[in-house]
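Everything below concerns the one structure shown next.
As a basis for the values below, the full set of heavy atoms in this structure was taken, side chains included, without hydrogen atoms, waters or symmetry mates.
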Amino acid sequence: RQHTDENRSLADDLYKRVRILCWVMTGPQNLEKKTKHVKATWVKHCNTVLYMSSEENKDFPTVGLDVIEGRDELNWKTVKAFRYIFDHHLNEADWFLKADDDTYVIVENLRWLLSKYSPDQPIFFGRKFKPFVKQGFMSGGAGYVLSKEAVKRYVDICKTGKCSYSTAEEDVAISKCLADVNVKAGDSRDTNKRETFHPLPPEHHLIKNYIPRSSWYRKYCFYRITEGPGCCSDLTVSFHYVDSVT
């Protein structure tokens with residue numbers, strides 16, 4: 001809801017200049033539990049929204065990708081989703097955001113981040129992790145966003161069969177494919193070097209020492225971790241594992 005004294009001119013200008021297609025990774029079992037809450041909230045700020053599922057649902061609506069549901073199929077689901085976007089929606093946006101059905105995104109802040117770049121640049125952004133890919137890979141849960149040029153290169157390498165990473169981890173797989181076609185893993189931190197994409201819920205990042213010392217998160221982060229209130233940019237883009245009820 002907009003406040004009466006709120007100046008929307010910058011946000012409105014960016015809405016026209018930085019067009020974002022948001023696609024949400026979901027499944028039939030989550031439409032009522034999770035995805036309907038995504039539909040009612042943050043995706044309203046995207047220029048185009050698509051819900052990618054294993055089955056078509058004309059009422060919701062979802063795009064049926066004809067894949068099997070399950071964690072092992074996430075990479076194939078991602079490949080097919082971007083192929084569908086390339087074939088049917090490529091000219092509707094400049095940037096293409098993938099998010100899960102339990103990710104929360106502040107789209108205006110994402111537009112501000114992307115406004116400094118051209119969609120013709122081969123680049124993508126998200127929460128950068130350091131294992132598996134030399135330039136880093138982007139967390140799937142925090143969401144990642146590809147330029148139009150990155151989408152073209154990704155779909156092309158998938159079509160040629162040169163990118164056939166069989167890992168179930170879609171975020172690692174797409175990051176490997178993008179590295180192979182010289183798409184840069186961009187730095188999404190703000191000017192104060194604070195992170196904008198967050199792979200965990202807000203309290204995990206905002207409360208110091210909430211995350212156990214032995215956590216995978218501490219081993220994976222590409223940049224130095226800051227915990228507590230200084231963890232997160234004022235222009236934060238996303239959080240993951242956001243409970244639809246709370």
Side-chain angles (χ1 to χ4, degrees), residues 15-27 35 38-39 43 45-58 60-69 73-101 103 105 107 110-111 113-114 117-126 133 135 137-140 142-186 188 238:
Y15 182 88
K16 294 170 191 163
R17 265 196 311 121
V18 185
R19 299 176 304 156
I20 299 174
L21 180 150
C22 303
W23 73 267
V24 180
M25 177 96 78
T26 190
T35 323
V38 170
K39 186 179 181 181
V43 295
H45 300 271
C46 305
N47 296 81
T48 301
V49 185
L50 296 170
Y51 302 95
M52 299 295 190
S53 179
S54 56
E55 299 173 10
E56 183 183 22
N57 181 317
K58 290 181 179 176
F60 194 83
T62 63
V63 176
L65 296 173
D66 191 26
V67 295
I68 301 165
E69 285 296 339
E73 298 296 320
L74 290 181
N75 184 32
W76 184 226
K77 202 172 184 179
T78 302
V79 170
K80 293 194 82 168
F82 274 111
R83 281 187 183 177
Y84 180 88
I85 289 165
F86 180 87
D87 290 340
H88 301 283
H89 298 278
L90 189 67
N91 293 322
E92 293 175 21
D94 310 299
W95 299 88
F96 300 82
L97 171 74
K98 174 264 170 185
D100 287 346
D101 51 20
T103 307
V105 180
V107 181
L110 177 58
R111 281 202 182 89
L113 166 69
L114 298 174
Y117 300 89
S118 165
D120 297 324
Q121 290 176 260
I123 196 166
F124 74 126
F125 296 97
V133 186
Q135 69 168 351
F137 79 92
M138 301 302 178
S139 159
Y144 46 78
V145 59
L146 280 65
S147 69
K148 183 178 284 189
E149 177 61 23
V151 171
K152 289 176 182 176
R153 293 190 186 194
Y154 175 63
V155 171
D156 183 58
I157 196 174
C158 289
K159 281 181 178 177
T160 60
K162 292 176 185 172
C163 186
S164 57
Y165 297 101
S166 57
T167 174
E169 306 301 330
E170 47 86 22
D171 46 9
V172 175
I174 190 172
S175 297
K176 282 184 175 179
C177 293
L178 291 171
D180 284 352
V181 287
N182 300 312
V183 174
K184 182 182 177 183
S188 62
S238 70

Original post:
Does the pair Cys22 and Cys46 meet the rule for a disulfide bond (SG atoms under 2.5 Å apart), with working shown?
Top reply: CA-CA 6 Å; Cys22 303; Cys46 305; 2.0 Å; yes
Subject >> Shortest non-hydrogen separation from Gly140 to Asp100 and the atoms involved >> reply: O-OD2, 4.0 Å
Subject >> For Leu74, side-chain contact (heavy atoms from CB on, under 4.5 Å) partners two or more places apart >> reply: Met25, Arg71, Glu170
Subject >> Donor-acceptor contact present, side-chain Lys176 to main-chain Val133, <3.5 Å >> reply: no
**OP:** Say whether, by atom type as modelled, one donor and one acceptor occur between the side chain of Asp171 and the main chain of Ser139 under 3.5 angstrom.
**Re:** no
**OP:** Test Ile174 against Tyr154 for side chain to side chain contact (heavy atoms under 4.5 Å, CB included), laying out the working first.
**Re:** CA-CA 8 Å; Ile174 190 172; Tyr154 175 63; 3.5 Å; yes
Original post:
When rounded to the nearest 0.5 angstrom, what distance separates CZ in Arg153 from CG in Asp180?
Top reply: 12.0 Å
Original post:
Are Trp23 and Phe82 near enough that their ring centres are under 6.0 Å apart?
Top reply: yes
Subject >> Pair Tyr144 + Phe125: ring centers closer than 6.0 Å >> reply: no
**OP:** Return yes if some donor-acceptor pair links the side-chain N/O of Glu56 with the main-chain N/O of Val63 below 3.5 Å, else return no.
**Re:** no
Original post:
For Pro61 and Tyr51, which heavy atoms make the closest approach, and how far apart are they?
Top reply: O-CD1, 3.4 Å
Subject >> Inter- and intrachain pairs under salt bridge (Lys or Arg N to Asp or Glu O under 4.0 Å), touching residues 76-92, at least two apart >> reply: Glu69-Lys77
**OP:** Over all heavy atoms of both residues, which pair between Ser53 and Gly27 is shortest? Give the atoms and the distance, please.
**Re:** OG-CA, 3.5 Å
Subject >> All side-chain contact (heavy atoms from CB on, under 4.5 Å) counterparts of Val38, not counting sequence neighbours >> reply: Val24, Trp42, Val43
Subject >> Heavy-atom closest contact (Ser118 atom, Ser147 atom, distance) >> reply: O-CB, 4.5 Å
Original post:
Does Ser238 use its side chain to pair, donor to acceptor, with the backbone of Ala142 at less than 3.5 Å?
Top reply: yes
**OP:** Indicate the atoms forming the closest heavy-atom contact of Lys148 with Phe96, along with that distance.
**Re:** CA-CE1, 3.8 Å
**OP:** Kindly give the heavy-atom pair with the smallest separation between Ala150 and Val183, and that separation in Å.
**Re:** CB-CG1, 3.8 Å
Original post:
Without hydrogens or angle criteria, can the side chains of Asn47 and Arg111 be said to hold a donor-acceptor pair below 3.5 Å?
Top reply: yes
**OP:** Check whether NZ of the Lys or CZ of the Arg Lys39 lies under 6.0 Å from the centre of the six-membered ring of Phe60 and within 45 degrees of that ring's axis.
**Re:** yes
Subject >> Under 3.5 Å: donor-acceptor pair, side chain of Asp94, backbone of Arg19 >> reply: yes
Subject >> Residue pair Thr26 / Thr35, side-chain donor-acceptor N/O under 3.5 Å >> reply: yes
Original post:
Using the ring of each side chain (for Trp, its six-membered ring), is Tyr84 parallel, tilted or perpendicular to His89, with breaks at 30° and 60°?
Top reply: tilted
